[in-house]
Amino acid sequence: MEGYNRRGSGAISPAAIEHYRSNSPSGSERRKLSYHPTGEWVPPTSSHAEPAGPFQVSKTKRILQVGVAVVYCLLAAGIVFGYAAIKPVLVEEGVYRDKCTQDELDEGVWVCYEQELRLNLMFTVAAVSTNVAALPIGTLLDRYGPRIASLVGVFFLTLGALFFAFAEDLPFDAYIPAYLFLALGGPFVFISSFQLSNTFPQHSGLILALLTGAFDTSSAVFLMYRVIYQRTNGWFTPKKFFLIYLIVPAFILVVQLFVMPMHSYKTVGELAKTAEEPPNNIIEPETETEPPTSESTTLLNPQTADKHPPSEPAQPPQRNPIYGALHGKTARQQILTPWFLLITLFTVIQMTRINYFVATLRTQYTSLLHSPPLATQINEFFDLALPLGGVVAVPFIGLLLDHTPTPFVLGLLVTVATTIGILGIIPNALWAAYANIVLFVLYRPLYYTAVSDYSAKVFGFATFGQVYGLIICLAGLFNFVQQGLDALTHGVFWGDPVPVNVGLLGTALAVGVLLVGFVGRRSWVGRRERLGEEAEGAREVGMPVVVGQGDGCGSYGTAGRD
């Protein structure tokens, strides 16, 4: 093939043509022409701009941010779920004792029927509000960032502690709003911490597990208080405890202002998308020198990763076939898919089962074991096991989410939840009660972490606040059926919890099977499509052929395309 050089003075050799062909940009390397009137001028960026990615922040500070978040989640994220531990204190303090009839008071019952319903209503309102608030929290988080959302949580925690401290002195029932404000403050600081899983993308599952483990372990705050209350024979009153507890929102306020990021860290996928769009689409001159690499460029560019191994080995989340299934779509588009519908139904049913069990644990086992002392023994074991379960499960949850496919995780959730349901309906079996609690306290942190991990992988962090918030919000609204389940157990089934638990078990199993089947099928399809894309994008390699056989000096070369 012949051609002419730029001056028209001679032919260009085939070797030169091949040289230019091999250097021709392809795919994402092609750049668009710019018709911007200012040419290559780019407005200067502010020196105080928030870093786009986590790798623009030092590793030490990122570790500090994760550690601080775990600490304040441990102290505030889910303290209202320590209800089983603080309920005996409230009963001893005579909260809602005025709801009892004179006959019940004469009998000396530990807690009367109306009093228990009122106390359970306090927890139900708090649990529902915790979940319903996830939607506005998510919207606020997406729009204003984690710092503003956390500061709102600080306000609610402060208000809740003050209401609880002075409940006896206020002219209205302050216990329900007090518990409500504590319940609202927790998810504001907890959900705002999820974006810290991007600080170390290769360990995102472990970080989410740490945060969720802290959320579960935060129930130990009320357990520790109850122990001190009993050891001091009631001297350490709720008023003294909640006034001291005001230190916690003050601590969160300080670290949010001076340590934590103002805006959510971007995911690796978002950074990659940004990296593919150069500012102003300006044509940049090609150079022979290779740009310096960093953690972010290593994660974003696998070719660079081969030449310059990072200090922290990255595990790209794209290994998971469901990763990015709905990334880039609007929240509305994501909500209208089976991905959202099935995980929402699963979350609604499982959260109802979890909160109903926490609120009625002692009552259920009084009926199942036919022994109030044994029920008290089980309740005390549960108070200790609940926070410990979060601590014990954290490392295993991190490994599970980071190194196993999502369908396997969901299948494990359904299997364990079904086993818990079966153990919870076996009467007169103390071993079944203990086994049920052990599995429950290990399952709870896995369940919460798996749902948030599923949401991050499928929906992405661009819409995480709205989509995940809506999932938890709908689950919270459905939790109002707890009052109906409570009335059904006491009014229709004479205090027997088995019929209600069987109904919840069967519904959860049916929805769980549908969820696992759908995600498993889509995971298989996604894996097939990815293999096809990799095969299409594979580099063509020439077959070795023998040349120069005529002269007896054969050598090997490659047969390539002309």
Side-chain angles (χ1 to χ4, degrees), residues 45-59 61-73 75-77 130 132-158 184-201 204 207-208 210-212 214-215 248-275 296 327-331 334 452-453 455-457 459-473:
T45 58
S46 171
S47 60
H48 299 287
E50 190 70 17
F55 303 111
Q56 293 173 266
V57 178
S58 68
K59 180 179 177 180
K61 187 170 183 179
R62 282 181 280 145
I63 293 175
L64 177 63
Q65 289 172 343
V66 173
V68 166
V70 170
V71 170
Y72 65 62
C73 285
L75 297 173
T130 299
V132 171
L135 181 57
I137 291 171
T139 304
L140 184 71
L141 175 63
D142 290 343
R143 181 167 298 182
Y144 298 105
R147 179 175 295 174
I148 297 299
S150 295
L151 292 180
V152 174
V154 167
F155 171 76
F156 281 125
L157 287 172
T158 303
L184 290 175
F188 267 101
V189 297
F190 177 55
I191 296 177
S192 301
S193 302
F194 282 174
Q195 53 89 23
L196 292 175
S197 64
N198 294 329
T199 53
F200 299 94
S204 60
I207 295 173
L208 282 175
L210 285 170
L211 293 172
T212 307
F215 168 81
V248 174
F251 167 72
I252 299 174
L253 174 64
V254 171
V255 297
Q256 284 295 331
L257 294 178
F258 299 103
V259 178
M260 308 304 288
M262 184 175 182
H263 300 289
S264 299
Y265 286 128
K266 289 185 178 180
T267 63
V268 173
E270 290 168 337
L271 290 174
K273 184 177 179 181
T274 303
S296 56
H327 287 196
K329 296 184 181 296
T330 64
Q334 294 173 341
S452 58
D453 182 71
S455 301
K457 288 175 179 175
F459 306 116
F461 277 98
T463 57
F464 180 85
Q466 299 172 64
V467 177
Y468 178 79
L470 182 58
I471 293 172
I472 303 301
C473 175

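Keep in mind the model is a prediction, meaning the values are calculated, not measured.
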S.K.: Let me confirm one number: the NZ-CG distance from Lys59 to Leu64, rounded to the nearest 0.5 Å.
M.R.: 14.0 Å

S.K.: Got a sec, which residues hit side chain to side chain contact (heavy atoms under 4.5 Å, CB included) with Ile148, two or more places apart in sequence or on another chain?
M.R.: Tyr144

S.K.: Taking side chain as C-beta onward, heavy atoms only, is Pro146 less than 4.5 Å from Leu141?
M.R.: yes

S.K.: Just jot down the ring-ring contact (aromatic ring centres under 6.0 Å, His included) partners of Tyr72, sequence neighbours excluded, or say none.
M.R.: none

S.K.: List the steps and the verdict of side-chain contact (heavy atoms from CB on, under 4.5 Å) for Ser455 and Val467.
M.R.: CA-CA 8 Å; Ser455 301; Val467 177; 5.8 Å; no

S.K.: Where do Ile252 and Val255 come nearest, in terms of heavy atoms and distance?
M.R.: O-CG2, 3.3 Å

S.K.: Measure the CG-CG distance between Leu151 and Leu140 for me, rounded to the nearest 0.5 Å.
M.R.: 10.0 Å

S.K.: Is any side-chain heavy atom of Lys457 closer than 4.5 Å to one of Asp453?
M.R.: yes

S.K.: Show the nearest heavy-atom pair for residues Val154 and Pro249, with the distance to one decimal.
M.R.: CG1-O, 3.5 Å

S.K.: How far does OG1 of Thr158 sit from CG of Leu253, to the nearest 0.5 angstrom?
M.R.: 8.0 Å

S.K.: With ring pair (Phe, Tyr, Trp, His ring centres under 6.0 Å) as the test, would you mind laying out the steps for Phe156 and Phe188 before giving the verdict?
M.R.: CA-CA 9 Å; Phe156 281 125; Phe188 267 101; 5.7 Å; yes

S.K.: Considering non-hydrogen atoms only, spot the tightest contact between Arg147 and Met260 and give its length.
M.R.: NH2-O, 2.8 Å

S.K.: Can you list the residues that meet the side chain to side chain contact (heavy atoms under 4.5 Å, CB included) rule with Leu75, with sequence neighbours excluded?
M.R.: Val71, Val248

S.K.: Where is the tightest heavy-atom contact between Val259 and Lys61, given as atom of each residue plus distance?
M.R.: O-CE, 3.6 Å

S.K.: The criterion is side chain to side chain donor-acceptor pair (under 3.5 Å); which residues satisfy it with Ser452, sequence neighbours excluded?
M.R.: none

S.K.: Side chain to side chain contact (heavy atoms under 4.5 Å, CB included) with Ser150: which residues, sequence neighbours excluded?
M.R.: Val189, Ser192, Gln256

S.K.: Can you measure from OG1 (Thr330) to CD (Gln466) and round to the nearest 0.5 angstrom?
M.R.: 9.0 Å

S.K.: Quick one: closest heavy-atom pair of Gly186 and Leu157, and the distance?
M.R.: N-CD2, 4.1 Å

S.K.: Tell me, with the steps shown, if Thr130 and Leu184 meet side-chain contact (heavy atoms from CB on, under 4.5 Å).
M.R.: CA-CA 5 Å; Thr130 299; Leu184 290 175; over 6 Å; no

S.K.: Tell me the closest heavy-atom pair linking Gln334 and Phe459, and the distance in Å.
M.R.: NE2-O, 2.9 Å

S.K.: With sequence neighbours excluded, what pairs up with Phe190 under the ring-ring contact (aromatic ring centres under 6.0 Å, His included) test?
M.R.: Phe194, Phe215

S.K.: Got more than 12 heavy atoms from elsewhere within 6.0 Å of CZ, Phe155?
M.R.: no

